[in-house]
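Here is the structure we will look at.
Every chain is numbered from 1 and lettered A, B, ... according to where its sequence line falls, protein lines coming before strand lines. This is a predicted model, so every value here is computed, not measured.
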Amino acid sequence: MKISVQPEDFDVGLEIKNISRNNSIGAVASFVGLVRDVAMTLEHYPGMTERAIAKIVDEAKSRWQVIDCAVIHRYGALQPNDQIVMVAVASGHRGDAFAACEFIMDFLKTQAPFWKKEQTAEGASWVEAKAADDKAAERWK
Amino acid sequence: MKISVQPEDFDVGLEIKNISRNNSIGAVASFVGLVRDVAMTLEHYPGMTERAIAKIVDEAKSRWQVIDCAVIHRYGALQPNDQIVMVAVASGHRGDAFAACEFIMDFLKTQAPFWKKEQTAEGASWVEAKAADDKAAERWK
Amino acid sequence: MKVKVLYFASIREKLGRDAEELDLPADVATIAALRSHLRTRGGAWADALAEGRLLRAAVNQDMAQPAAAIKAGDEVAFFPPVTGG
Amino acid sequence: MKVKVLYFASIREKLGRDAEELDLPADVATIAALRSHLRTRGGAWADALAEGRLLRAAVNQDMAQPAAAIKAGDEVAFFPPVTGG
């Protein structure tokens, strides 16, 4: 189980390998979120961030078979096409791996204290939270 | 768009990178299937396999925003913990990436002509298709 | 009517054959008809292709239902339900 | 009752402050009460913490509802809805 909040980039392939070293694992689902067209700075709440992610992961483990998982979220200045976040879940079964991975991402979006500030030509502006993200999290209830 | 049916191992991290080089991509969902405890040989139907996968990918593209994707399936002799299959889908949005990736995996399981023969201590035996796999594919209708 | 027939996995092993060229009578014009036609060979053929067995088929490398038509030059395949992924 | 209060993102910028130690009156014992208490400072405080604004709060690094209790020694945080991932 790895949870990391860091400014450095990460290697998804390596993280997937690290959680796959076990013959009971038949399925690894993963997700990478990337910066699209606009550079941004990600602020977070040190301490609470790791704690919020750990709670989301624990909730996922109580719902599905999660043999191992890795969650990495970056903060600081990020450029277009940079990786922002990754979630990888290893399980015996693909249904569990997919569900737990998507669940963790949906809750990261609404429960983990990160805030994006975009740098556009007109200046910097805070990204507004999306109603679609609340909806995505609500459907797991 | 990459579809490959091959005996060689693959590098998931590299494949994810290859389909992520585009500023309109905000989300990459991926899946890796691994051999669990029992060594096996995978037989396939050359020609039809690639064709069946291409049809599944086309169907996914008609349903969700798929900017790029990679599907690799191995055949031949595989040992415990070896990688069997990977699907990675790049999209602007995470909901589309997850749905398309899971859809492709579910249909691979029921529509792509591969057959597993396991080598147990008691000898070799063909793996039986699972009703759960038919169900997983049916829920997309 | 000449067709090519392929067999895979457990079917291939039971029949001891992975492919053959056949010249079919005109009335053997669907997957289902070809399957019963092959069963008349008896022995392993009657067993491996028995009605009760769950089999899949493809015509020209596309999954096909029992009622699917077969025409001259087609590549037909019989195999068990797939188990990849 | 002494507590630590943290501000993040747009709230932090509007208030020009990221953290402070406060000694609260005994009747300021919930998130909602602390929020109105801070609004009485007026200016940017009245604006950034106005009732109509969508704000989130945490007590001791756990997301907390407006009615959540605050006790001495707590770390309380105010911030806008999160936008990570």
Donor-acceptor pair, Arg74(B) side chain versus Glu8(B) backbone, under 3.5 Å?
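Such a contact is found between Arg74(B) side chain and Glu8(B) backbone.
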
Do side-chain atoms of Thr110(B) reach the backbone of Asp134(B) as a donor and acceptor pair under 3.5 angstrom?
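Checking the backbone N and O of Asp134(B) against the side chain of Thr110(B), no donor-acceptor pair under 3.5 Å is found.
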
Ion pair Arg63(B)/Glu59(B), N-O distance below 4.0 Å:
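Answer for the salt bridge query: yes.
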
Identify the two heavy atoms, one from Asp74(C) and one from Ala69(C), that lie closest to each other, and give their separation to 0.1 Å.
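Taking Asp74(C) first and Ala69(C) second, the nearest heavy atoms are OD2-O, 4.2 Å.
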
Provide the closest heavy-atom pair for Ile56(B) versus Leu108(B) in the form atom of the first, atom of the second, distance.
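That would be CD1-N, 3.7 Å.
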
Taking atom CD as the centre, does Glu51(C) end up with more than 12 heavy-atom neighbours from other residues, nucleotides or ligands that are less than 6.0 angstrom away?
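No, because the 6.0 Å sphere around CD of Glu51(C) holds 12 heavy atoms or fewer from other groups.
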
Counting heavy atoms not belonging to Gln65(C), are there more than 12 under 6.0 Å from its CD?
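Incorrect, the count does not exceed 12.
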
Residues of residues 38-47 of chain C under 4.5 Å from chain B (heavy atom pairs)?
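Counting heavy atoms that sit under 4.5 Å from chain B, no residue of residues 38-47 of chain C is involved.
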
With chain B as the partner chain, list the residues of residues 6-35 of chain C whose heavy atoms fall under 4.5 Å from it, by residue number, and write 'none' if nothing qualifies.
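Those residues of residues 6-35 of chain C which have a heavy atom under 4.5 Å from chain B are Leu6(C), Phe8(C), Ala9(C), Ser10(C), Arg12(C), Glu13(C).
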
Quick one: do Gln65(B) and Ser91(B) satisfy side chain to side chain donor-acceptor pair (under 3.5 Å)? Show the steps, please.
CA-CA 6 Å; Gln65(B) 190 214 33; Ser91(B) 176; 2.8 Å; yes

To the nearest 0.5 Å, how far apart are CZ in Arg139(B) and NZ in Lys135(B)?
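So the CZ of Arg139(B) and the NZ of Lys135(B) are separated by 12.0 Å.
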
Rounded distance (nearest 0.5 Å) linking atom CE of Met40(B) with atom OG1 of Thr120(B):
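The CE atom of Met40(B) sits 11.5 Å away from the OG1 atom of Thr120(B).
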
For the interface with chain C, which of Trp115(B), Tyr75(B), Phe31(B) has the highest count of heavy-atom pairs at distances below 4.5 Å?
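Most pairs with chain C among the choices: Trp115(B).
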
Side chains of Gln6(B) and Ser4(B): donor-acceptor distance under 3.5 Å anywhere?
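Checked: Gln6(B)/Ser4(B) side chains pair up, N/O donor to acceptor below 3.5 Å.
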
Can you tell which part of [X] gets under 4.5 Å to a heavy atom of chain C, answering side chain, backbone, both or neither?
X	answer
Gln111(B)	both
Lys117(B)	side chain
Lys130(B)	neither
Ala112(B)	backbone

Could you tell me which portion of Asp62(C) (side chain, backbone, both or neither) has an atom closer than 4.5 angstrom to a non-hydrogen atom of chain B?
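Asp62(C) touches chain B through backbone and side-chain heavy atoms alike.
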
Between Trp64(B) and Phe103(B) (judged by ring centroids, cut-off 6.0 Å), do the two rings come close enough to count as a pair?
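Trp64(B) vs Phe103(B): aromatic centres under 6.0 Å.
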
